[in-house]
K.L.:
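Sharing a structure below in structure tokens format, with a few things to ask.
Throughout, protein chains are lettered first and strands after them, A, B, ... in sequence-line order, and every chain is numbered starting at 1. Remember, predicted model here, so these are calculated numbers, not experimental data.
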Amino acid sequence: MNLVVVESPAKAKTINKYLGKNYKVLASYGHIRDLPSKNGSVNPEKNFEMQWELDSFSKKYLKEITDAAKESEKIILATDPDREGEAIAWHVKKVLEDKKLLKGRKLERVVFNEITKNAVLNGINNPRQIEDTLVNAYLARRALDYLVGFNISPILWTKLPGSKSAGRVQSVALKLITEREHEIESFKPEEYWSININFQDSSKNIISSKITIFENDKVERFTFKRKESVNKASEIIKKKNYSIKDVINKVYKRNPLAPFTTSTLQQTASGKYGFGASRTMQIAQKLYQGIDIDGETVGLITYMRTDGTNISKEAELDFRKFIKNDYGEKYLPQTPNSYSGKKAKNAQEAHEAIRPTNIKKKPNDLKKYLSSDQVKLYDLIWSRALSSQMKPAEFDRSSIQITSSDNSVSFNASGSVMKFDGYLKVYTMPVTDEDTKNILPEVKIGDSVSIDEIIDEQHFTNPPPRFSEASLVKKLEELGIGRPSTYASIISVLSNRNYVDLLNKRFHPTDRGKLLSAFLEKLFAKYVDYNFTANLEDQLDDITSGKTNYIKVLEDFWKDFYSNVGSVKEIRTREVLDMLNESLGDLVFEKDKDDQIDRNCKACENGTLSLKNSFHKLCNFYQLSRLQVYKATFKSKSFADGKFI
DNA sequence: CAGTGAGCGAGCTTCCGCTTGACTT
């Protein structure tokens, strides 16, 4: 018998079907080992030696694997074809080695580019060995994340009580939210005016247009800043005669969107149904693992944690057949649509895009087997995937230019009509302004038109919007920070630690979050920089390609980081406060009106109550945030003297 | 006399990425 190890049980089941009785396919359920959550798991003094510990959770699954290994001639490690997948294969190998189970057995590393019968058999027939350079890139990533997190976090416990954690990913996510808040706070709305004119042709048809040129200059957003300048312009406009200068008719196409990745699914499910990131993932997980349909468990979608936008050749053929049969030849592009060019930063593309496993299972037909949430999400995935292989939608867009006889003032009217729905037949998009504009009347160049109505409107510029779960995930993905499997948990870490509040589906940083972010920005700027992860990824690529080794990368990082940590530890609390006060203004020293806190503060200053105890007590007893208490205690003498460290 | 609260001291917290299923609301 041969043992095959993959990462997830649902996948194990599918692959077992393809491989038949001579193979036993088991799931590792993740990495199986990790660095223990305590000090000293990585030792920079000894070439960054790492201690590994079996996950308590994967122990029972590991027993199945070791038992099966004993009865196998060959052990095939078929985890995902990316860095973390290679690492899992390596961990499994190491554990089997430790248990002396590899003697007399062949060990192979195999990758499947997609989970179809052909690809699986093809993979099995082309085995290789574990790639050490890829494993080394993982080791560097893992060690660095540990060193950053487990060195900065304890500093917070003493210098910034209440703030519990910092890390390469969570701290940048927090920074995005606090910086946006700062932009909003300092935003000053600017006034501007728009001028639209309804013209009338000789048959009394109305043409709605907006001004493009005034007194020979192009009109821009801030051309008319005040009511007076609009009034003056209107007087000038009224006095002129107008005619049709140009008519342009064009066909434009709107292309379908790529099938879903984790990130785009989370964004769309949030926009369309208001699902939070973790809710979306839970529903998708169920659809992936399988739904009971007439006594049989059927996995309805492909893997939901992915950054890939391609779909398997087999699925592509199925989709095309389905489009041809159900919608007709005219919806089928000549060659299949491809989306591989638009990949996200740092995408590993180890998995296909999220798509239905069987396109013939229509959302409507599955209604009686699924919960309403499941139907909604399946429908979204089904239609997005199918539409991605359909033809673009086509619109007739016409635009009319209306100009004054002296050519000094010009207006533009445009309208468009859909003439072929294409992919919009199955995937409905929020309709944009561009598509809804009225049909324009038939006019000829040279026709004269008269002004029917001048519409001037006052506007103000708006501050940038606060991040939602969806827009935060989108931004993180753009920056290449975090992975499909972690987007949802990044959000819960920020909320659970009370760094942010989600109000009306928008992230507001708490006082604590602002304080923490300012602290990190002041004292660990390099490690919360938006480009830190991107630079790290470049170095990891160099490790993978053999250009450099992982010890060197870690040493370079550690030299700077270690001295940074050292100097922050030296800083007196008082200096930290001064720095924070500079960047946050009255947030830190704001006088709190609460009498209870004032009394405790006095007790601190008189020496009848130790600061640390008052701190804990106040927090627990009055149910105050640490920061509120902080504001008060900062004023006390012992704090100012730096005794509280 | 019982219950309450002030005060003290010891012990704890933490990273990212890969899994699932057991929790709660």
Side-chain angles (χ1 to χ4, degrees), chain A residues 5-12 26-42 50 55-62 79-80 82-92 138-158 160-173 262 279 281-282 284-286 288-290 303-307 346 348 350-351 476 481-490 493 496-497 516 527 533 536 540 561 599-600 603-604 607-618 620-621 626:
Chain A
V5 180
V6 297
E7 288 172 35
S8 90
K11 206 183 197 175
L26 293 175
S28 73
Y29 289 81
H31 281 87
I32 69 167
R33 300 197 303 181
D34 198 8
L35 300 173
S37 287
K38 58 181 192 207
N39 286 332
S41 296
V42 175
M50 294 176 229
D55 292 346
S56 57
F57 144 87
S58 52
K59 268 182 189 155
K60 67 172 174 184
Y61 304 112
L62 193 61
T79 44
D80 294 347
D82 60 6
R83 190 200 302 146
E84 299 296 326
E86 203 74 7
I88 293 175
W90 176 79
H91 278 302
V92 173
Y138 157 77
L139 293 175
R141 198 278 301 158
R142 185 67 194 86
L144 185 143
D145 280 337
Y146 170 89
L147 290 169
V148 170
F150 276 65
N151 278 291
I152 300 184
S153 299
I155 292 179
L156 303 178
W157 305 341
T158 57
L160 218 57
S163 296
K164 287 199 174 307
S165 61
R168 174 177 61 84
V169 170
Q170 60 171 275
S171 298
V172 178
T262 303
R279 183 168 167 201
M281 292 312 278
Q282 273 171 20
Q285 176 95 27
K286 280 268 185 300
Y288 165 70
Q289 283 180 315
Y303 196 57
M304 64 283 150
R305 289 188 275 267
T306 175
D307 50 22
N346 292 331
Q348 312 260 332
H351 301 279
L476 287 171
I481 295 169
R483 304 276 312 129
S485 63
T486 59
Y487 293 138
S489 57
I490 294 166
V493 165
N496 291 343
R497 305 247 197 280
L516 172 57
Y527 306 95
T533 292
L536 172 65
L540 296 180
F561 183 68
R599 231 184 298 145
N600 270 273
C604 284
T608 52
L609 183 65
S610 91
L611 192 65
K612 194 176 172 189
N613 278 318
S614 81
F615 208 86
H616 285 276
K617 189 152 235 65
L618 283 166
N620 295 336
F621 190 71
R626 296 267 175 140

K.L.:
What is the distance from NZ of A/Lys38 to P of B/dC12, rounded to the nearest Å?
P.N.:
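That distance rounds to 13 Å.
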
K.L.:
Given the structure, check if the side chain of A/Arg142 and the base of B/dC16 hold any donor-acceptor pair shorter than 3.5 Å.
P.N.:
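Indeed there is one.
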
K.L.:
Are A/Trp157 and B/dT13 stacked, counting the six-membered base ring, centres under 5.5 Å, planes under 30°?
P.N.:
yes

K.L.:
Without decimals, in angstroms, what is the distance between A/Phe150 CZ and B/dC16 C1'?
P.N.:
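Rounded to the whole Å, the gap is 10 Å.
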
K.L.:
For B/dC18, does the base pair up with any side-chain atom of A/Thr79 as donor and acceptor (N or O, under 3.5 Å, distance only)?
P.N.:
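Not at all, since no donor on one side and acceptor on the other fall under 3.5 Å apart.
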
K.L.:
Can you measure A/Ile490 atom CD1 to B/dC15 atom P for me and round it to whole angstrom units?
P.N.:
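In whole Å, B/dC15 P lies 12 Å from A/Ile490 CD1.
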
K.L.:
Looking only at side chains, do A/Ser8 and A/Tyr288 share a donor and an acceptor under 3.5 Å apart?
P.N.:
yes

K.L.:
Looking at A/Asp80 and B/dC18, is any side-chain donor or acceptor paired with a base atom of the opposite kind under 3.5 Å?
P.N.:
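No, the side chain and the base share no sub-3.5 Å donor-acceptor pair.
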
K.L.:
For the pair made of NZ in A/Lys60 and P in B/dT20, what is the distance, rounded to whole Å?
P.N.:
13 Å

K.L.:
Measure from CG on A/Asn151 to P on B/dT13 and round the result to the nearest Å.
P.N.:
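Roughly 16 Å, once rounded to whole Å.
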
K.L.:
When you measure from the side chain of A/Asp82, which nucleotide among B/dC15, B/dT19, B/dC18 comes out closest?
P.N.:
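It is B/dC18.
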
K.L.:
Side-chain donor or acceptor of A/Arg483 under 3.5 Å from a matching atom on the base of B/dC18?
P.N.:
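Checked by distance alone, the answer is no.
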
K.L.:
For side chain to side chain donor-acceptor pair (under 3.5 Å), just list the numbers for A/Asp55 and A/His31, CA-CA rounded to whole Å, side-chain angles, deciding distance to a tenth of an Å, and then say yes or no.
P.N.:
CA-CA 8 Å; A/Asp55 292 346; A/His31 281 87; over 6 Å; no

K.L.:
Checking contacts here: which listed nucleotide (B/dG17, B/dT14, B/dT20) is nearest the side-chain heavy atoms of A/Glu84?
P.N.:
B/dG17

K.L.:
Using a 4.0 Å heavy-atom cut-off across all strands, classify A/Gly482 as base, sugar-phosphate, or nothing.
P.N.:
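Touches sugar-phosphate only.
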
K.L.:
Output the pairing pattern of DNA chain B as a dot-bracket string, 5' first, Watson-Crick or G-U wobble with both distances under 3.5 Å, | for cross-strand pairs, [ ] for crossing pairs.
P.N.:
.........................

